[in-house]
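Letters A, B, ... mirror the listed sequences (proteins, then strands); counts begin at 1.
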Amino acid sequence: MSPKISVRAAAGTRDFLPEEMALRNYVRNVIETSFQRFGFQPLETPAIERLDVLTGKYGEEADRLVFKILKRGRELEKGLESGDLADLALRYDLTVPLARVAAMNHGSLVYPFKRYQIQPVWRAERQQKGRYREFVQCDADIVGSSTISADAEIIALTYEILTALGIPKFCIHVNHRSILHDIITGVCGVTEDKFVAACVAVDKYDKIGWEGVREELDRRGLTKTMVEAVITALNFSGLPADVMAETAKQFEEFPELLSAYGEMSRLFEELQAQGVPEESLSFTHYLARGLDYYTGPIFETIVEEPKIGSITGGGRYDQLIGMFSGQDIPATGTTIGIERIFDVMRELHLFDAEIDAPVQALVAVFSKETRLESLKIAAELRRAGIKTEIYLDEAKKLGKQFAYADKKRIPFVIIAGPDEIAKGEVTIKDLKKGEQKVVGRGKICQALRAPITQS
RNA sequence: GUGGAUAUAGCUCAGUUGGUUAGAGCGCCUGACUGUGGCUCAGGAGGUCGGGGGUUCAAAUCCCCUUAUCCACCCCA
């Protein structure tokens with residue numbers, strides 16, 4: 001025997017055993033189906049990107065969370081001298097890889113290019129519940145359209161997915177980076193270099209309240225007047241129509257805000273036309289979002305319970321692709337946080353009715369002599385599209401085989417013992433009901449599809 | 001990356017001021033049940049007390065280090 005090595009997974013990573021995979025696949029399928037229903041097409045990109053593709057896109061803080069990959073061989077030795085140790089990295093999100101792909105294939109894509117992507121991403125964070133170092137993201141993005149209709153479509157898609165999954169109470173918060181920018185700098189007089197800091201502070205309102213935001217803004221070096229101006233100007237959130245009405249009055253002297261508000265008005269109109277109820281939306285002026293690359297409308301979904309933070313997040317990033325191609329291509333999109341959605345659904349027991357039995361029937365083996373007959377039955381069922389297992393171990397007592405079916409939650413056990421074989425029949429037992437009946441060999445599939453009744 | 005808490009059987013947890021062979025419930029295995037799961041009853045297996053070092057006659061228990069998890073910050077899905 002080789003010495004025992006310590007068995008543990010890398011920090012912040014997880015294994016998904018079959019039971020959990022069933023739930024994960026269910027969520028994934030619902031999301032993917034919705035993506036396709038809106039006409040998005042799949043894209044996959046490598047887990048590994050060149051480091052320079054990823055750095056400088058997310059903001060100073062986030063750059064440190066990128067998992068870097070050491071250079072190899074002689075390059076690493078050289079790197080040790082220069083201090084330049086890494087040249088590759090694991091992707092941090094799916095948006096930047098998309099931007100790279102869009103830049104590289106600019107000439108051949110059909111615009112607007114609508115793609116979805118469901119793949120793992122990696123972040124070198126300290127883990128917490130609902131925050132992992134390896135997790136799957138589901139992104140849908142529209143590249144090459146600068147119209148607000150594209151943003152509306154992304155939000156409508158988000159609504160459709162969360163509804164299809166049965167998430168009960170969620171609210172999609174929407175804001176606009178231009179509005180945020182013009183209010184904070186133009187209306188409140190905050191200098192350009194403090195804009196990002198002000199956003200970060202304001203974005204925390206839900207967590208720390210206006211008192212907390214006040215302290216935070218103060219700590220970040222805004223004057224008292226600016227702090228109060230920012231808080232007064234951004235303390236608007238709620239039903240889009242109400243917020244539009246209030247802010248229209250508030251900011252009518254600031255014409256530079258008008259076009260962004262006009263866009264927002266159109267956005268909400270389009271959402272209404274697509275059947276997204278107003279109650280599921282909020283025009284939230286203090287929503288900022290951390291990533292640097294957003295330029296226009298931004299959105300984020302919050303669930304009321306359980307309190308797990310945001311389950312989707314996205315926005316428009318009209319200048320990101322230009323960082324690769326030198327020519328700006330407008331784009332907007334969202335991430336659907338499948339990991340958190342999964343946690344929410346588990347906590348609220350939303351799965352129970354949705355998951356199919358992984359195996360529908362177990363063909364029991366009465367004895368060594370009858371095994372071939374059982375195999376024939378199993379083969380027939382499989383050909384008919386029924387998920388079927390045959391008991392594999394040395395023929396044990398039937399009790400064992402029933403217990404196995406019970407533990408694996410296989411709903412039906414099919415027995416072909418000497419009696420049944422002699423008559424060309426099988427016994428089918430419905431484990432849920434605890435009832436069984438005898439049917440002819442040709443009628444097994446039919447019997448499995450119809451509920452078993454007392455006979 | 002910063003600060004704090006936790007770590008005992010497959011799971012959830014007991015374990016008294018350091019003191020014999022570390023316990024319970026659930027789960028697992030076997031049998032009662034020689035053609036039938038769940039319920040009941042009777043047995044049984046399973047732990048280098050996260051890992052390493054130290055203090056002590058003696059450590060699951062005290063100290064140090066380390067790793068992982070959880071919480072807060074940071075940030076985000």
Side-chain angles (χ1 to χ4, degrees), chain A residues 3-14 17 27 31 58-66 92-95 118-139 158 162 196 199-201 203-204 206-208 212 216 219 288-292 294 299-303 308-314 334-344 362 364-367 370 391 395-421 426-438:
Chain A
K4 193 171 149 189
I5 56 163
S6 68
V7 281
R8 42 171 61 148
T13 66
R14 298 155 297 160
L17 296 175
V27 173
I31 293 173
Y58 306 107
E60 244 175 84
E61 289 294 316
D63 274 357
R64 285 192 285 125
L65 301 179
V66 172
Y92 176 89
D93 71 357
L94 302 178
T95 308
I118 303 175
Q119 286 192 280
V121 303
W122 293 266
R123 293 185 185 179
E125 287 189 281
R126 184 165 295 195
Q127 109 160 71
Q128 265 180 58
K129 190 167 205 158
R131 319 180 48 171
Y132 307 97
R133 301 215 289 181
E134 175 183 73
F135 63 97
V136 174
Q137 284 197 329
C138 308
D139 278 34
T158 302
L162 297 178
V196 172
C199 283
V200 170
D203 198 47
K204 290 185 190 170
D206 275 331
K207 208 176 221 173
I208 60 181
E216 185 100 12
R219 193 156 3 105
R289 295 192 52 75
L291 298 179
D292 273 4
Y294 293 120
F299 13 92
E300 187 169 293
T301 306
I302 308 289
V303 273
I308 197 163
S310 58
I311 55 171
T312 84
T334 190
T335 296
I336 308 293
I338 188 172
E339 306 284 357
R340 287 185 181 176
I341 286 176
F342 184 74
D343 285 344
V344 168
L362 172 72
V365 177
F366 185 80
S367 69
T370 65
Y391 198 78
K396 286 188 184 162
K397 293 181 195 170
L398 283 182
K400 279 258 175 293
Q401 305 187 38
F402 274 88
Y404 173 75
D406 193 45
K407 264 182 253 166
K408 276 189 88 168
R409 297 201 197 100
I410 300 173
F412 296 101
V413 174
I414 293 164
I415 305 152
D419 298 350
E420 287 90 350
I421 293 173
V426 298
T427 298
I428 300 176
K429 178 156 182 176
D430 180 333
L431 292 197
K432 240 183 207 157
K433 292 184 185 164
E435 293 163 6
Q436 64 184 45
K437 69 173 178 180
V438 177

> How is D93(A) classified with respect to the nucleic acid when contacts are heavy atoms under 4.0 Å: base, sugar-phosphate, or nothing?
Replying inline: nothing
> Toward the 5' end of RNA chain B, which comes first, A416(A) or Y58(A), by nearest nucleotide?
Replying inline: A416(A)
For nucleotides 65-70 of chain B, print each protein N/O atom paired with a nucleotide N/O atom at under 3.5 Å, atom names and distance only.
{"unit_1": "rU67(B)", "atom_1": "O2'", "unit_2": "R8(A)", "atom_2": "NH1", "d": "2.8"}
{"unit_1": "rU69(B)", "atom_1": "OP1", "unit_2": "G12(A)", "atom_2": "N", "d": "2.8"}
{"unit_1": "rU69(B)", "atom_1": "OP1", "unit_2": "Q127(A)", "atom_2": "OE1", "d": "2.6"}
{"unit_1": "rC70(B)", "atom_1": "OP2", "unit_2": "Q127(A)", "atom_2": "NE2", "d": "3.1"}

>> Rounded to whole Å, how long is the line connecting atom CD1 of I31(A) with atom C1' of rA77(B)?
In response: 11 Å
>> Under a 4.0 Å threshold between the charged nitrogen and the carboxylate oxygen, would R14(A) count as salt-bridged to E339(A)?
In response: yes
> Between atom CZ in R64(A) and atom P in rC76(B), what is the gap in whole Å?
Replying inline: 12 Å
>> What's E420(A) touching, base or sugar-phosphate or nothing? Going by heavy atoms closer than 4.0 Å.
In response: base
> When we call it a touch if two heavy atoms are under 4.0 Å apart, what does V121(A) touch: a base, just sugar-phosphate, or nothing?
Replying inline: nothing
>> In whole Å, measure the gap between the P atoms of rG43(B) and rG35(B) for me.
In response: 27 Å
Taking only N/O atoms, report every protein-nucleotides 37-41 of chain B pair under 3.5 Å with atom names and distance.
{"unit_1": "rG37(B)", "atom_1": "O2'", "unit_2": "D406(A)", "atom_2": "OD2", "d": "3.3"}
{"unit_1": "rG37(B)", "atom_1": "N7", "unit_2": "K429(A)", "atom_2": "NZ", "d": "3.2"}
{"unit_1": "rG37(B)", "atom_1": "O6", "unit_2": "K429(A)", "atom_2": "NZ", "d": "3.4"}
{"unit_1": "rG37(B)", "atom_1": "N1", "unit_2": "L431(A)", "atom_2": "O", "d": "2.5"}
{"unit_1": "rG37(B)", "atom_1": "N2", "unit_2": "D406(A)", "atom_2": "OD1", "d": "2.9"}
{"unit_1": "rG37(B)", "atom_1": "N2", "unit_2": "L431(A)", "atom_2": "O", "d": "2.9"}
{"unit_1": "rG37(B)", "atom_1": "N3", "unit_2": "D406(A)", "atom_2": "OD1", "d": "3.4"}

> For atom C1', what is the distance between rG25(B) and rG31(B), given to the nearest Å?
Replying inline: 22 Å
>> Rounding to an integer number of angstrom, what distance separates rU61(B) and rA77(B) when you compare their C1' atoms?
In response: 41 Å
>> When you compare the side chain of V413(A) with that of Q401(A), does any pair of heavy atoms fall below 4.5 Å?
In response: no
> How are the rings of Y391(A) and Y404(A) set to each other: parallel, tilted or perpendicular (split at 30° and 60°)?
Replying inline: perpendicular
> Can you check the K204(A) NZ to rC76(B) C1' distance for me, whole Å?
Replying inline: 12 Å
> Between K207(A) and rA72(B), does any side-chain N or O lie under 4.0 Å from OP1 or OP2?
Replying inline: no
> Which dot-bracket notation, 5' to 3', represents the base pairing of RNA chain B when pairs are defined as Watson-Crick or G-U with both distances under 3.5 Å, crossing pairs as [ ], and inter-strand pairs as |?
Replying inline: (((((((..((((.....[...)))).(((((.......))))).....(((((..]....))))))))))))....
> From rG35(B), rA77(B), rC73(B), pick the nucleotide closest to the side chain of I415(A)?
Replying inline: rG35(B)
> In terms of side-chain heavy atoms, does T427(A) have a donor or acceptor partner in E420(A) at a distance below 3.5 Å?
Replying inline: yes
